[in-house]
Amino acid sequence: MLLKKTKFCTLLVSLTVFVSCFEGTDFEQVNDVLLTPEIELDLIYFTIDASQFYNATTNSEILVLKDTTDLDFLGGRDIATILKKADFLFQFTNSIPLEFNVSFDFLNGQNTSMYFMEATVVSGTENNPGITNYIEEVGEQEIKDLTKGDKVVITVAIPSSSQGLTGALNLQSKTTYYLEID
């Protein structure tokens with residue numbers, strides 16, 4: 001008889017807990033849930049040797065280097081509707097004894113600039129590289145223009161160069177995307 005009472009009590013407690021957990025619950029609130037994930041991705045990285053700023057064949061300086069990288073903002077155009085902001089972090093390590101200007105120009109398919117950012121990189125030496133951290137916070141208004149970009153043109157400009165220039169410029173970057181999904 002004690003076993004039957006114990007089973008009955010266990011069943012009664014379980015039902016009470018089960019019913020009380022759902023009593024008064026508004027299942028329509030599921031429509032009010034707002035997901036705000038953050039996605040962190042690598043963006044651009046490169047290493048430029050100092051010798052790339054001098055053409056030994058023509059004995060002339062090369063003061064500007066450019067490269068173009070195709071972009072795919074998290075999989076396409078629909079991202080603009082849920083992307084609320086983005087933080088770009090660029091970390092430059094410079095062991096060349098000159099300061100640099102580095103720009104990032106986000107272009108659309110017609111090569112129109114949609115968003116532009118620029119950083120000044122401090123000089124350094126091979127024994128004591130200069131470290132420059134540059135953060136660009138892109139807000140909700142600007143993000144709509146940025147996501148229209150299909151590619152980014154990176155321009156590295158140096159004030160002077162010579163055949164004996166040594167060191168390297170290294171860039172590592174990442175972006176944190178802040179999404180809002182309802």
Side-chain angles (χ1 to χ4, degrees), residues 37-77 79-80 83-179:
E38 296 176 12
I39 299 171
E40 194 173 279
L41 299 172
D42 290 336
L43 183 63
I44 300 166
Y45 56 92
F46 63 71
T47 298
I48 300 173
D49 188 82
S51 64
Q52 292 178 262
F53 290 100
Y54 194 80
N55 185 332
T57 306
T58 62
N59 211 18
S60 60
E61 299 175 314
I62 301 172
L63 301 179
V64 177
L65 297 176
K66 286 187 178 191
D67 191 30
T68 302
T69 300
D70 290 331
L71 293 177
D72 181 19
F73 278 104
L74 297 176
R77 297 276 178 224
I79 194 67
L83 183 59
K84 297 306 171 192
K85 69 177 189 168
D87 294 338
F88 291 84
L89 170 63
F90 300 94
Q91 183 177 53
F92 299 92
T93 304
N94 183 13
S95 61
I96 300 172
L98 293 169
E99 192 173 88
F100 286 85
N101 285 322
V102 181
S103 65
F104 305 88
D105 197 2
F106 295 82
L107 307 177
N108 67 10
Q110 292 76 40
N111 290 325
T112 302
S113 180
M114 303 309 297
Y115 192 83
F116 182 83
M117 52 182 120
E118 185 173 33
T120 300
V121 179
V122 298
S123 65
T125 64
E126 291 187 58
N127 292 332
N128 189 21
I131 306 293
T132 303
N133 288 310
Y134 175 73
I135 297 172
E136 177 88 8
E137 296 176 356
V138 182
E140 193 168 350
Q141 290 299 99
E142 301 161 316
I143 207 74
K144 295 187 185 334
D145 290 333
L146 181 66
T147 57
K148 293 176 186 172
D150 296 319
K151 57 190 166 196
V152 60
V153 176
I154 301 110
T155 304
V156 179
I158 191 170
S160 64
S161 183
S162 68
Q163 190 168 10
L165 193 61
T166 61
L169 174 65
N170 177 273
L171 167 67
Q172 295 181 354
S173 65
K174 66 180 177 180
T175 306
T176 303
Y177 297 100
Y178 299 90
L179 308 175

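Sequence positions, counted from 1, serve as the residue numbers for this chain.
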Open item on the list: How long is the straight-line distance from OH of Y177 back to CG of L83, given to the nearest 0.5 Å?
Closed with: 7.5 Å
Open item on the list: Can you give me the closest heavy-atom contact between D150 and G109, atom names plus distance?
Closed with: OD2-N, 2.7 Å
TODO: Test T166 against E126 for side chain to side chain donor-acceptor pair (under 3.5 Å), laying out the working first.
DONE: CA-CA 8 Å; T166 61; E126 291 187 58; 2.9 Å; yes
- [ ] In sequence, state the C-alpha distance, the side-chain angles, and the governing distance for L65 and I158, and then conclude on side chain to side chain contact (heavy atoms under 4.5 Å, CB included).
- [x] CA-CA 9 Å; L65 297 176; I158 191 170; over 6 Å; no
Open item on the list: Taking N59's backbone N and O only, do any of them form a donor-acceptor pair with N55's side chain (distance below 3.5 Å, no angle check)?
Closed with: no
Show me the donor-acceptor pairs within less than 3.5 Å that the side chains of residues 93-104 make with the rest of the protein, sequence neighbours left out.
| unit_1 | atom_1 | unit_2 | atom_2 | d |
| --- | --- | --- | --- | --- |
| N94 | OD1 | I96 | N | 2.8 |
| N94 | ND2 | I96 | O | 3.4 |
| N94 | ND2 | L98 | O | 2.9 |
| N94 | ND2 | V122 | O | 2.9 |
| S95 | OG | A168 | N | 2.8 |
| S95 | OG | A168 | O | 3.3 |
| N101 | OD1 | T120 | OG1 | 3.2 |

Open item on the list: Checking E40 against T175: is there a side-chain donor and acceptor pair closer than 3.5 Å?
Closed with: no
Open item on the list: If you define the side chain from C-beta out and look only at heavy atoms, does anything of I131 sit under 4.5 Å from F92?
Closed with: no
- [ ] For the pair T155 and V64, evaluate side chain to side chain contact (heavy atoms under 4.5 Å, CB included) and give the outcome as yes or no after the intermediate values.
- [x] CA-CA 7 Å; T155 304; V64 177; 3.6 Å; yes
TODO: Might you work through the side chain to side chain contact (heavy atoms under 4.5 Å, CB included) test for L146 and F88, ending with a clear yes or no?
DONE: CA-CA 12 Å; L146 181 66; F88 291 84; 3.5 Å; yes
Task: Counterpart residues, side chain to side chain contact (heavy atoms under 4.5 Å, CB included), relative to Q141 (two or more places apart) - done: none
Task: Closest contact, heavy atoms only, E137 versus E142 - done: O-OE1, 4.1 Å
Open item on the list: Checking T68 now: which residues fulfil side chain to side chain contact (heavy atoms under 4.5 Å, CB included) with it, not counting sequence neighbours?
Closed with: K151, V153
Task: Atom NZ of K174 with >12 non-hydrogen neighbours under 6.0 angstrom - done: no
Open item on the list: Looking only at the side chains, is there a donor atom on one of D105 and S113 sitting less than 3.5 Å from an acceptor on the other?
Closed with: yes
TODO: Measure the shortest side-chain to side-chain distance between E61 and S160 over non-hydrogen atoms and say whether it is less than 4.5 angstrom.
DONE: yes
Open item on the list: Closer than 3.5 angstrom, by distance alone: can the side chain of T147 be matched with the main-chain N or O of I143 as a donor-acceptor pair?
Closed with: yes
TODO: Taking atom NZ of K84 as the centre, report whether more than 12 heavy atoms of other residues, nucleotides or ligands fall under 6.0 Å from it.
DONE: yes
- [ ] Check whether NZ of the Lys or CZ of the Arg K85 lies under 6.0 Å from the centre of the six-membered ring of Y178 and within 45 degrees of that ring's axis.
- [x] yes
Open item on the list: Are M117 and Y134 packed together at the side-chain level, in the sense that at least one heavy-atom pair is separated by less than 4.5 angstrom?
Closed with: yes
Open item on the list: Working to the nearest 0.5 angstrom, can you tell me the gap between N133 CG and Q172 CD?
Closed with: 10.5 Å
Task: Any T112 side-chain heavy atom under 4.5 Å of L107 side chain - done: no
Contacts table for residues 45-53: side-chain donor-acceptor under 3.5 angstrom, sequence neighbours left out:
| unit_1 | atom_1 | unit_2 | atom_2 | d |
| --- | --- | --- | --- | --- |
| T47 | OG1 | N170 | ND2 | 2.7 |
| D49 | OD2 | S51 | N | 3.0 |
| D49 | OD2 | S51 | OG | 2.7 |
| Q52 | OE1 | D49 | N | 2.9 |

TODO: Could you tell me the separation between the CD1 atom of I154 and the OG atom of S173, rounded to the nearest 0.5 Å?
DONE: 8.5 Å
TODO: Given side chain to side chain contact (heavy atoms under 4.5 Å, CB included), test F90 with L43 step by step and report yes or no.
DONE: CA-CA 9 Å; F90 300 94; L43 183 63; 4.2 Å; yes
Task: Under the side chain to side chain contact (heavy atoms under 4.5 Å, CB included) test, residues paired with N127 that sit two or more places apart - done: T125
Task: All salt bridge (Lys or Arg N to Asp or Glu O under 4.0 Å) counterparts of E38, not counting sequence neighbours - done: none
